[in-house]
Amino acid sequence: MSMDDTYNQPTEPQMDIGGVRNDLPAQAVPTVPLQATQAAVAPEMAPQQPALASRRKFMGKSLAGMVALGGAGVAAAFGGVALARWIEHGGFTSSSQGPMANSTQIGHLLRRAGFGATADELAMYRQLGFNGAVDRLLNYQQVADDAMENRLKALNLNLNSPADQQRWWLLRMAWTQHPLLEKMTLFWHGVLTSSFHKVGGSRAYMRMIIQNQFLREHAFDTFDTILLGITSDPAMLFYLDLTKSTKRAPNENYARELMELFTLGLGHYTQQDVYEGAAALTGWHVRGLNSRYFPQDHNDLVKTYLGHTGNLDYKDVITILANHPAAPWFICRKLFTFFAYENPSTDDLKPLVDTYVESGHNMGAVMRTLLLSPQFSSAQAYRGRIKSPVEFTAGVYRALGINEDSVSKRLPTFSTLMGQTLFDPPNVAGWPGDKVSALWLNSGTWMTRLNYIDFLLASRAGASNGSTPLVDLQSVVNTHQLSSPEQFVDHFSSFLLDGNLVSGRRTQLLDYFTAQDGSGRGKPVALTNGQSYPLGRVRGTLYLMMASPEYQLN
Amino acid sequence: MKLTRRAMIKDGLLVVSAGMVMPAIFSRGVASARAQALDGSRMAQMASDRTLIVVQMAGGNDGLNTVVPFTDPLYLKMRPTLGIPETKVLPLDTRLGLHPNLQPLQKLWHDGHLAIVEGVGYPNSSLSHFQAMDIWQTLDLSGNGSEGWLGKLVSGLVDRDGHPFKALDIGVQTAQALQSITTQVPTVANVQSYRLYPDPVDADGGNTRLQALMKLYNSYPGTAPYAALLDTTALSAQDGSRQLHQADATYRPAVTYPKGPFADGLKVLAEAIVQGLGLRVGYVTLGGFDTHANQAATHDVLMQTLANGVSAFYNDLAAHGKADNVVVMTWSEFGRRVEENGSLGTDHGTAAPMFILGNPVNKGIYGEPPSLSSLDENGNLKYTVDFRSVYATVLDRWMGASSKAVLGGLFGTQNFLS
């Protein structure tokens, strides 16, 4: 079901009235394969243009003042330090382990810095120890992910279709060997967000994938580089109306949200900064799937923006923002909230902010500081957030090791009914649940979570009448030599619930498993001790584990 | 299934401490209802079956192109391309007319069932969507509130029959206006999916598994994270889904609703009212109003969606003899800038009109359309009516609640309800 106008909110649909919209007329749309890394054409510095102001709004106050920034400040914007080199220079201190048991801590890490794990994955990461696991997650380039890419390619998805886009990304999350990279990309998607509803029409939905590939490629880059890229990202240019912004009539939509929602937060800028920033950001256009900067379309008035005066352009704006004292607190708060827990204290954030400054705004360095912090592994963090719909959808799929095309088609619908549609946030502030995770949960979304589990467990592999269950529990029993109900529950609990079920609740599951009713349908499951149990009881026990309160938490 | 916990909001999270008494609303017993009354219920209890439907127009609706000041020459002067000419406006009186796609609302006006409150806003208005939405929903003018005004209202309602649908939100995310310290508002995306599916191999239709599930929730330690939220969610789902599907099986809408999620949502609300599910507050959202560029085509469609949906809802209720019991109120976080921008759109503004409709409504224009010649320093309208006075009117004169208790102060009332 389409939820479009039920919960889309600000910055929303340009109803799709046929085809791709370029903001320049008469441009043919090239068919570009999924090779989106250089979506933005790096522009030359704008030559000086005579001031041509017509909007009375920024005429008034800013003409006085010196050219304080001009081109000189721009170099700093590209001054990010590569993560590896920064680490080489001793940019972080080693972790403290926090109070969790190692097994619990690794499970926690893989849920937060990824999408959970199978029993085998969990065992592999445990062998690395916590710090080794963090290293593997952050140094993802050293781990091959070809198997996932090949599986995705084999699906022949139409990446201009929103449903296939969602399926493509959910399957990446479920299959990837770079779980933190996908998680970080998801974080950025919720912050520097756009929606396919407003990227230039139904033939240009691909722009969302281009944006997604940019965020993935630069997920751990400097904040400056990420902001520069998203400012010139074709989808974003449409989503927040920079394509409509002209030097004579700057559009203030992007200028406002860039400060309010992407970098500083309310209270650090004035409406005048919005006007002036809008003028500074002019000059971008979208052609086909690329964006391009046209110096002649940039407003060359002298502007005063957040205290800096000059003929500022988009690079100056990004430099000013990334170096603004409020920026590290703003973005580190978002990062900490998403990955650790809500309402962090100043003390919680200070190490992240320090790392931001010391590393030249490197988000990978900040992420390492966060993952190795005692706060990340604290009792406050443990099961301290409600799983998001995407975490739930991809997480169950991953943990159960499912690979079934006929079933993965359904993933986007389930995720939407749980309250999250990838590439379609409710508004430019992203998903409220990313900030306050309790908002993910209500009666309707809770039932969808449980129905999703029910659906997966009751599905069959292969064509519609396939004979093998999608989740073949007899095969799991045989592989892992599960010889008693206790071993069955403990096996699944180990990677679904960190083996962390207080005894009374484990007993409830065992009671359900072993109750004799004998009236159910389906082929009973035989444990390796020879005892058989009704199929409904066996998979019902697994259902209860994933339907449990504990499993709703991350 | 007895709950012995008290839920409290701390830092936006539901936390509980064990051993305390759960608010009456979760206990479903006359005894506990009495306990809550003794507890000093903040809101008066309703003896009637009156219902309020709130329609959120998310993104900032362009009030000036919704209720058009078509005789003011400044209007077309400041909106040379976006302004709606007098010949197209649907006149209400000599000054104001409706957007041409609001024809169904004009009919309600002619029938005496539509009131418009003009110039609604609040002091020092925020041009941020999100702060503005917070303010309208939580009434905390700092924009840092967490409990919604409708959530407060609903949590004060004591229903002796244990109806799970005192309040019902359409969508996948519960609106902030309905967030409450003590109440989990059922949130329904569509009726079909609002149920727990059984495993087809279970011979008992899933009852045993459901019982085991509810036991896992009921016995989840009260000190564990999100305990109250998880508990009440499961309970609300279990009770609500059963009732909603019973109601749905015999509900026949008297009109054909337009296609699309907005009208679908209104149909679910009509169903809850007609089938006697005890609905007091219904909530549905129509999004897409943030029209910074190429506004006309988008806004035209939204006006049509709004008017056709709401009028189908009204006609359905009227045919079922329920139109006397229901008042609909629309709101949006802000209106838009008076002067159109250079992108054939409008930027974030301030004051805007609200629609109040239903048989109980006194037809008329209330408040004063803000002057187009006396704007604030950002070129925005100066509000003439405090939105809290509109809420107060609905609370005091329709819901039989104490607006002072819900809103935390007295803000006056309007006369669109008697």
Side-chain angles (χ1 to χ4, degrees), chain A residues 1-15 17 241 244 246 248-249 251-253 260 266 271 342-343 383-384 386 417 419 427 429 432 436 438-439 441-448 450-451 454 458 504-505 508 512 519-522 535-536 540 543-544 547-549 552-553, chain B residues 11-14 58-60 127-131 170-174 184 186-190 193-197 199-203 209 212-213 215-217 220 225-226 229-230 233 236-237 240-241 260-262 265 285-288 290 292-294 297-298 301 305 341-343 347 378:
Chain A
M1 123 173 221
S2 161
M3 300 302 302
D4 290 9
D5 67 359
T6 307
Y7 71 115
N8 284 318
Q9 295 181 351
T11 287
E12 245 306 83
Q14 300 291 338
M15 305 296 170
I17 304 163
D241 296 315
K244 303 296 187 307
T246 66
R248 287 188 179 79
N251 188 297
E252 64 187 65
N253 198 9
E260 177 181 338
L266 278 172
Q271 178 62 28
E342 293 158 26
N343 301 306
R383 290 179 178 169
I386 302 279
L417 285 173
N427 57 51
V436 180
L439 298 176
L441 204 65
N442 60 52
S443 55
T445 59
W446 179 77
M447 285 192 276
T448 304
L450 273 55
N451 288 339
D454 187 80
R505 303 174 66 66
Q508 286 182 40
Y512 187 80
S519 59
R521 290 175 286 269
L535 177 61
Y543 168 94
L544 289 173
S548 70
Q552 309 314 307
L553 305 178
Chain B
D11 293 335
L13 302 182
L14 275 166
L127 299 182
S128 153
H129 288 292
F130 308 101
Q131 190 173 45
I170 302 297
V172 290
Q173 165 126 49
T174 309
Q184 175 77 329
T187 304
V188 177
N190 61 63
S193 70
Y194 198 75
R195 58 181 292 220
L196 284 177
Y197 288 94
D199 187 332
V201 303
D202 283 341
R209 195 179 71 175
L213 174 72
K215 193 176 169 196
L216 274 175
Y217 275 77
Y220 182 58
Y226 300 98
L229 174 67
L230 287 158
T233 299
S236 162
S241 60
F262 178 65
T285 300
L286 176 63
D290 194 22
H292 284 276
N294 296 339
T298 304
V301 172
T305 304
N341 65 23
S343 320
D347 294 315
N378 296 321

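By convention in this document, chain letters (A, B, ...) are assigned in the order of the sequence lines, proteins followed by strands, and residues within each chain are numbered from 1. Predicted model only: the values in this text are computed from it and were never measured.
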Taking salt bridge (charged side-chain N to carboxylate O under 4.0 Å, His left out) as the definition, give me every residue that meets it alongside B/R195, ordered by chain and number, with sequence neighbours left out. none
Closest-packed option against chain A by number of heavy-atom pairs under 4.5 Å, given B/G265, B/G240, B/P200: B/P200
Mind checking what makes salt bridge (charged side-chain N to carboxylate O under 4.0 Å, His left out) contact with B/R209, not counting sequence neighbours? A/D454
Looking only at the side chains, is there a donor atom on one of B/Y220 and A/S548 sitting less than 3.5 Å from an acceptor on the other? no
With a 4.5 angstrom heavy-atom cut-off, which part of A/L266 approaches chain B: side chain, backbone, both or neither? side chain
Chain B heavy atoms under 4.5 Å from A/A458: which part of the residue, side chain, backbone, both or neither? side chain
Could you have a look at B/T187, B/L213, B/L230 and say which one has the most heavy-atom pairs with chain A under 4.5 angstrom? B/T187
Steps toward side-chain hydrogen bond (donor to acceptor under 3.5 Å, both in side chains) verdict (B/Q184, B/S236): CA-CA 7 Å; B/Q184 175 77 329; B/S236 162; over 6 Å; no
Could you walk me through whether B/H129 and A/N427 pass the side-chain hydrogen bond (donor to acceptor under 3.5 Å, both in side chains) check? CA-CA 10 Å; B/H129 288 292; A/N427 57 51; over 6 Å; no
Toward chain B, the part of A/L553 with a non-hydrogen atom under 4.5 Å: side chain
Proximity breakdown for A/T246 and chain B, heavy-atom pairs closer than 4.5 Å: neither
